[in-house]
Amino acid sequence: MRIARFSVDDEPKYGVVETDDPEGLVGTVNVLDSDPLYRSAQFTGEKLQLADVRLLAPVIPRSKVVCVGRNYAAHAAELGNDVPEQPMIFLKPNTSVIGPRDGIVYPEQTNDLHFEGELAIVIGRICRDLPKERVNEVIFGYTIANDVTARDLQKSDGQWARAKGYDTFCPLGPWISTELDVSDLRVSTELNGEPKQDGRTSQFIFDIPEVLAYITSFTTLLPGDVVLTGTPAGVGPMLPGDEVSVSVEGIGTLTNKVIVRD
């Protein structure tokens, strides 16, 4: 099931998407009466054309976006880093989240803005000290993320809060897929139609059970929190006017354009 958050006349709604288009530009959405992440939702009977709605970020994290750094060996190597011995965790503020087709703002403080396409986990239940064998009980579904990074600030600051935390630095979408085997999915990124990243989730250094068990060993995850699982090799710079598309097999494609703030 593909659950979307969308707006019609600026009113956010939720619905189940039916489409063969990876970006959801064509197809239909069956409207739900509430957010199914937090309560049992029912169909209203209303069906809309995707062409007549605006897809939004499928979830606004309730408290945080938790990210795993250097979870692909080839990505660690391309930036001259060693493979971590345990998951490398950092946070992005929920104010960094934007949706499909929203603009990624190129900050004036950076000269080296990068894309990082990733599979993202949407948490459905509160969890702490989660055993690896129970991770599926707390996962609501999966979506696509772009962990936008000001690479020069990441290097100069020595920690990553600013480099990865600007407003618009966490595109999510186009929807949440709730039934998906994520053990070996293709994760790829194109910049202006040119292939840049191409990896598989089977290449994770730390798989999803390990990641969620590690995160919940020190912090509580809440319903609506999002976990970014790491990016494959091939990250690179974006410039204003560029269009970046991240695709995850079985979910779809998330596209955003890089813009300059007016």
Side-chain angles (χ1 to χ4, degrees), residues 57 61 64-100 102-120 144-173 187-201 203-206 211 226-248 253-261:
K64 54 193 173 293
V65 179
V66 187
C67 309
V68 186
R70 302 173 189 166
N71 202 22
Y72 287 79
H75 170 58
E78 73 178 342
L79 296 181
N81 297 307
D82 295 330
V83 171
E85 296 183 359
Q86 58 188 9
M88 179 178 291
I89 305 300
F90 61 94
L91 302 178
K92 294 172 85 85
N94 57 10
T95 50
S96 66
V97 171
I98 57 173
D102 288 341
I104 299 169
V105 176
Y106 199 114
E108 62 181 14
Q109 295 90 345
T110 182
N111 293 304
D112 195 16
L113 190 67
H114 281 212
F115 54 82
E116 295 190 7
E118 311 197 10
L119 172 72
I144 303 171
N146 188 345
D147 177 19
V148 179
T149 303
R151 193 70 69 198
D152 49 354
L153 302 185
Q154 184 182 26
K155 295 174 182 177
S156 66
D157 288 359
Q159 50 79 32
W160 302 357
R162 182 168 68 131
K164 290 177 174 284
Y166 278 90
D167 291 357
T168 77
F169 272 25
C170 190
L172 296 176
V187 180
S188 59
T189 303
E190 293 185 354
L191 186 69
N192 301 322
E194 181 180 350
K196 293 294 184 180
Q197 293 184 279
D198 196 350
R200 304 196 69 86
T201 56
Q203 298 169 330
F204 285 155
I205 298 170
F206 305 103
V211 164
V226 175
V227 178
L228 274 54
T229 57
T231 194
V235 300
M238 306 179 290
L239 295 172
D242 285 346
E243 186 173 82
V244 58
S245 297
V246 182
S247 299
V248 175
T253 299
L254 169 67
T255 297
N256 298 90
K257 195 166 188 175
V258 183
I259 63 173
V260 175
R261 189 182 301 279

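Each residue takes its place number in the sequence, starting with 1.
- Here OH of Y166 is found 15.0 Å from CD1 of I104. Values are rounded to the nearest 0.5 Å.
- Across all their heavy atoms, P61 and V97 have their closest contact at CD-CG2, 3.7 Å.
- Atom CG of D147 is separated from atom CH2 of W160 by 8.5 Å, given to the nearest 0.5 angstrom.
- Other residues, nucleotides and ligands contribute at most 12 non-hydrogen atoms within 6.0 Å of the CD atom of E85.
- Checked by atom type and distance alone, the side chain of Q154 never pairs as donor or acceptor with a backbone atom of A163 at under 3.5 Å.
- Side chain of E116 to main chain of T149: no donor-acceptor pair is present (N/O by atom type, distance under 3.5 Å, no hydrogens or angles).
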Q. After noting the C-alpha distance and the side-chain angles of N71 and E118, does the key distance pass the side-chain contact (heavy atoms from CB on, under 4.5 Å) rule?
A. CA-CA 10 Å; N71 202 22; E118 311 197 10; over 6 Å; no
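- Between R162 atom CZ and D157 atom CG the span is 4.0 Å, to the nearest 0.5 Å.
- Side-chain atoms of T229 come within 3.5 Å of backbone atoms of L119 as a donor-acceptor pair (strictly under, hydrogens ignored).
- Taking each heavy atom of I259 and G103 in turn, the nearest pair found is CD1-CA, 3.9 Å.
- Shortest non-hydrogen contact noted between L228 and A120 is CD1-CB, 4.1 Å.
- The closest donor-acceptor contact from the side chain of Q203 to the backbone of A73 lies at 3.5 Å or more, if one exists at all.
- The shortest distance between side-chain heavy atoms of V226 and V66 does not fall below 4.5 Å.
- Heavy-atom minimum distance, V244 versus F115: CG2-CB, 3.9 Å.
- Once rounded to the nearest 0.5 Å, the distance linking CD of Q109 with CG of D152 reads 10.0 Å.
- Residue L79 forms a side chain to side chain contact (heavy atoms under 4.5 Å, CB included) with just one option from H114, R70, R151, and that option is R151.
- Using a 4.5 Å heavy-atom threshold, the side chains of N256 and D102 count as touching.
- We find the OG-CZ distance between S188 and R200 to be 10.0 Å, quoted to the nearest 0.5 Å.
- Considering NZ of K164 and CG of L91, their distance stands at 12.0 Å, rounded to 0.5 Å.
- Of the possible donor and acceptor atoms, none in the side chain of K92 sits under 3.5 Å from a partner among the backbone N and O of C67.
- A donor-acceptor pair is defined here as one N or O able to donate and one able to accept, closer than 3.5 Å; no such pair exists between the side chain of N192 and the backbone of D242.
- V258 approaches Y106 most closely through the heavy-atom pair CG1-CD1, 3.9 Å.
- When atom types are taken as modelled, the side chain of N94 and the backbone of K64 share no donor-acceptor pair closer than 3.5 angstrom.
- Across T231 and Y72, no two heavy atoms sit closer than the pair O-CD1, 3.0 Å.
- T255 places no side-chain N or O within donor-acceptor distance of the main-chain N or O of T253, the cut-off being under 3.5 Å.
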